[in-house]
Structures are given as C-alpha cells and as structure tokens.
Amino acid sequence: MNTPGYPSVRMRRMRRDAFTRNMMRESSLSAANLIWPVFVIEGERRTQSIASMPGVERMSVDLLIERAREAATLGVFGIALFPVIEGVKTPLAEEAYNADGLIARAVKALKAAVPNIAVITDVALDPYTSHGQDGLIDEHDPTRYVMNDETVAVLIKQALSHAAAGADFVAPSDMMDGRIGAIRGALDAAGFFQTKILAYSAKFASSFYGPFRDAVGSSTNLGKSTKETYQLDVANSDEAIRECALDVAEGADMLMVKPGMPYLDILARVKSEFKMPVAVYQVSGEYAMLRAAAANGWLDYDKCLMEALIAFRRAGASAILTYGAVDAARMLSRKN
Ligand code: PBG
C-alpha cells in the first residue's frame with residue numbers, strides 16, 4: 001500500500017547540505033532587531049560590575065556614549081536606559097521627572113553623539129522610590145498598596161521629561177492601568193506626537209528580575225514586598241492579551257512581552273492576535289542563568305545566546321531586549 005510518508009518522504013534530505021538548510025531557514029536575526037539595556041550612573045569614566053550579571057557594567061554617561069557608538073556601528077537598533085540613583089530616593093520619586101536628572105542628561109548626550117541609535121527610556125518609579133515599588137504607595141493602607149492614578153500622574157511627568165530630552169521611545173514598565181493613554185495624551189498635548197511608546201503590556205510578576213533589582217539597587221528597598229498587585233500573574237495568558245488590547249487602544253506603538261524564554265507562548269499569541277511590532281525582554285535572570293552555566297563550562301554562552309534570540313524571532317518578536325545585544329551583534333557581524 002502506498003501510504004504517504006517514509007520512505008518516499010525523507011525530511012533529512014533537505015537537511016543534508018548547508019545550501020538547503022540556509023535556503024529554507026524561516027527566521028532570521030539581525031542587529032536591527034536588538035535593543036541593549038544599560039545601567040547608567042553619575043560621574044565620569046566610572047564603571048561598576050554587578051555580581052549577579054557577569055559581563056554587564058553600570059557606567060557613566062561618557063563611557064555609555066563610547067559603547068553606544070560601537071553598538072550603533074554594529075547596527076544595533078536601540079539602547080534602553082535604566083538609571084542607578086545613588087542619591088536620595090523618596091516616597092514620591094520626585095527625581096524621576098527632574099529635567100536635568102541622570103536620564104535626561106544621558107538621553108541628550110546620546111542623541112547628540114550617536115543620533116542613529118534609538119534611545120528608549122524606562123517609565124517607572126522603582127529606581128527613585130525609597131520603597132522600591134514602581135509607583136507611589138498608600139501609607140495609610142496596611143498593605144502599602146501601590147496607588148494607580150496618583151502614580152500615573154507622576155509617570156506622565158517622567159515621560160514628558162524624557163521626550164523633552166529627545167527620547168525616541170518612552171517605555172512604561174510599571175503596569176499601572178490607563179498609563180499608555182494618559183502618557184500618549186500628555187505627549188501629544190505637549191507637541192511630542194512623534195515620540196513613540198513601547199508599552200510593557202504583558203509584564204509578569206516574575207522572579208527572573210532578581211539580578212536587575214540588584215543592578216538598579218531596588219532590591220534592598222523592596223525587601224520582601226512583591227509587585228503582584230500590578231504585574232501579571234505568571235499563570236495567565238488571556239489576561240495578558242487583554243492588557244495588550246488596552247494598550248493598543250490607548251495608542252501603544254509597540255507591545256512588549258516580559259520575561260522572554262519562559263513566555264514564548266505569550267509572545268507568539270500577542271504577535272498573532274495584534275499583528276504589530278512586538279518586543280520581548282530576555283530579562284536579567286535569563287541572562288544570569290546563561291552566564292552562570294557558561295562560567296561552569298556547562299553551556300556555550302555564545303551559542304545558547306544566539307539560539308535564544310532566534311527563538312524569540314521565530315515566536316514573533318521584532319525587537320529583543322538582551323544584555324547580550326552587543327555580544328550578539330559582534331557575532332552577527334563576523335558571520336557576514
Ligand atoms: C521595573 C523594571 C524591572 C525590569 C525592567 N524594569 C524589574 C521589576 O519589575 O521589578 C526587569 C528587567 C530585567 O530583569 O532584566 N520597572
């Protein structure tokens with residue numbers, strides 16, 4: 001009987017040679033898909049290593065410019081700035097919208113020196129709050145609930161200060177309700193209609209953010225508190241889609257799924273439902289796992305990084321935030 005399949009069908013025929021493998025590869029990765037998240041500190045010619053993120057350094061703006069120049073030369077799409085505030089952190093996070101603050105100065109310097117790389121700023125209050133939450137807390141509430149609308153009012157000021165400094169994208173990572181529409185309205189009213197919004201729409205209450213909180217110095221302040229009253233429950237997928245739908249309606253230019261690798265199902269679903277550019281964040285814990293395994297000789301960092309990045313592309317990501325962005329871009333430039 002002539003049943004379809006083996007031996008007339010042999011899948012391995014097309015895998016035998018590099019030319020057929022290359023021809024039929026469905027996904028591709030380019031530096032144009034990569035966003036490099038960086039930690040910025042005050043000062044000149046200063047770097048600090050981060051124990052839980054080997055290979056990543058906090059750096060002062062002057063050094064950031066030198067490294068951004070290299071990233072731009074390699075074709076990296078964007079840089080995502082995260083501030084490390086060494087001065088006063090306050091309950092109301094006033095420093096978050098200082099027109100002459102660390103991020104505003106970093107954006108101005110970057111746009112002046114390296115205009116061809118996209119500058120993406122983080123809109124959230126956690127680097128600035130004395131309690132380490134992304135928003136303002138209700139001191140009268142025993143749960144110290146993060147207040148939504150009061151927080152959004154501050155996020156608007158923060159986003160406006162970033163736009164005024166010249167940010168290409170503002171990226172709200174705070175998960176307050178209604179912040180995308182509120183920020184879009186305020187940007188438009190101030191004439192910043194070209195400033196794009198990369199919405200952290202599907203951001204989960206993940207434990208994979210641990211090393212990042214060390215890097216920005218919010219983990220001690222946060223203590224045992226969690227972000228579960230605003231970030232998504234890790235068990236939920238439909239709820240993530242609803243968050244995305246709202247952000248699309250409110251004017252988001254791009255959506256984000258975060259973390260990355262354990263959430264590829266969400267990424268694929270968001271891409272297929274909304275058919276718009278989606279970013280994914282390979283977060284600090286994912287990066288730390290790769291580095292730690294590589295340091296032990298258990299995994300090949302270069303190969304596993306590239307495999308994870310192509311997997312994000314396959315699942316539907318247009319942009320990938322990765323601490324390995326420059327490493328990956330170097331590898332891609334050697335290949336061509
Ligand atoms: C906070 C923020 C976090 C990350 C980016 N922005 C951590 C958090 O929500 O606690 C995590 C990034 C990473 O782990 O690499 N606004």
Side-chain angles (χ1 to χ4, degrees), residues 34-40 50-58 78-85 89 93 95-96 103 120-129 131-137 146 148 151-152 154-155 158-159 162 169-176 179-180 183 197-234 240 243 255-263 279-292 305 308-309 312 319-325:
L34 300 177
I35 298 175
W36 186 33
V38 296
F39 300 107
V40 192
I50 302 155
S52 51
M53 300 183 74
V56 174
E57 283 182 325
R58 304 185 188 102
I79 286 199
L81 302 177
F82 294 97
V84 181
I85 302 300
K89 302 195 182 199
E95 182 60 23
I103 288 299
I120 300 155
T121 58
D122 187 55
V123 177
L125 305 183
D126 51 313
Y128 305 96
T129 51
H131 44 73
Q133 292 288 1
D134 288 23
L136 310 182
I137 58 174
V146 173
N148 195 85
T151 298
V152 172
V154 184
L155 297 175
Q158 187 182 26
H162 296 170
F169 284 82
V170 293
S173 70
D174 56 287
M175 290 298 281
M176 296 301 116
R179 91 278 206 218
I180 301 300
I183 290 170
I197 300 182
L198 166 57
Y200 285 68
S201 306
K203 177 169 179 179
F204 289 85
S206 170
S207 299
F208 287 97
Y209 306 149
F212 173 97
R213 294 179 188 168
D214 296 338
V216 297
S218 65
S219 41
T220 317
N221 295 0
L222 195 59
K224 284 197 166 46
S225 315
T226 72
K227 301 191 176 184
E228 289 168 348
T229 69
Y230 46 104
Q231 297 177 348
L232 283 165
D233 188 316
V234 301
E243 283 283 7
L255 306 174
M256 195 196 299
V257 174
K258 177 186 175 188
M261 214 148 75
Y263 296 81
V280 65
Y281 202 143
Q282 181 188 47
V283 299
S284 55
E286 297 174 69
Y287 173 83
M289 289 195 296
L290 274 183
R291 284 291 193 187
L305 174 67
L309 299 182
F312 292 134
I320 306 160
L321 291 96
T322 171
Y323 298 97

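Counting starts at 1 for both ligands and their atoms, following the listed order.
- Interface of S173 with ligand 1, defined as ligand atoms under 4.0 Å from a residue heavy atom, comprises 1 (C), 6 (N), 16 (N).
- In this structure, F39 and Y323 have parallel ring planes: the angle between them is below the 30° cut-off, well short of the 60° mark.
- For Q158 (side chain) and A124 (main-chain N/O), a donor-acceptor pair under 3.5 Å exists by modelled atom type.
- For the pair Q231 and ligand 1, the shortest N or O to N or O distance falls below 3.5 Å.
- The salt bridge (Lys or Arg N to Asp or Glu O under 4.0 Å) search around E57 returns R67, not counting sequence neighbours.
- Within the structure, the closest approach of K203 to ligand 1 falls below 4.0 Å when heavy atoms are considered.
- For the residue pair S52 / D214, a side-chain donor-acceptor distance below 3.5 Å is found, with atom types taken as modelled.
- A donor-acceptor contact shorter than 3.5 Å links the side chain of Y230 to the backbone of D134.
- When only non-hydrogen protein atoms are considered, atom 14 (O) of ligand 1 lies nearest to S284 OG, 2.7 Å.
- Residue A124 touches ligand 1 through its side chain alone, judged by heavy-atom distances below 4.0 Å.
- Protein heavy atom nearest atom 11 (C) of ligand 1, with residue, atom name and distance: K258 NZ, 3.0 Å.
- The shortest N or O to N or O distance between D134 and ligand 1 is below 3.5 Å.
- Taking the ring axis of Y209 as reference, the NZ or CZ atom of K203 stays within 45° of it and closer than 6.0 Å to the ring centre.
- The line from OG of S225 to CD of Q133 is 5.5 Å long, rounded to the nearest 0.5 Å.
- At a 4.0 Å heavy-atom cut-off, ligand 1 touches Y323 through the side chain alone.
- Looking only at protein heavy atoms, the nearest one to atom 8 (C) of ligand 1 is K227 NZ, 3.3 Å.
- Within the structure, ligand 1 lacks Y287 among the residues with a heavy atom less than 4.0 angstrom away.
- Atom CE of M289 has more than 12 heavy atoms from other residues, nucleotides or ligands within 6.0 Å.
- Of all protein heavy atoms, the one lying nearest to atom 1 (C) of ligand 1 is D126 OD2, 3.0 Å.
- Considering each of F212, Y200, Y281, the one bringing a non-hydrogen atom nearest atom 7 (C) of ligand 1 is F212.
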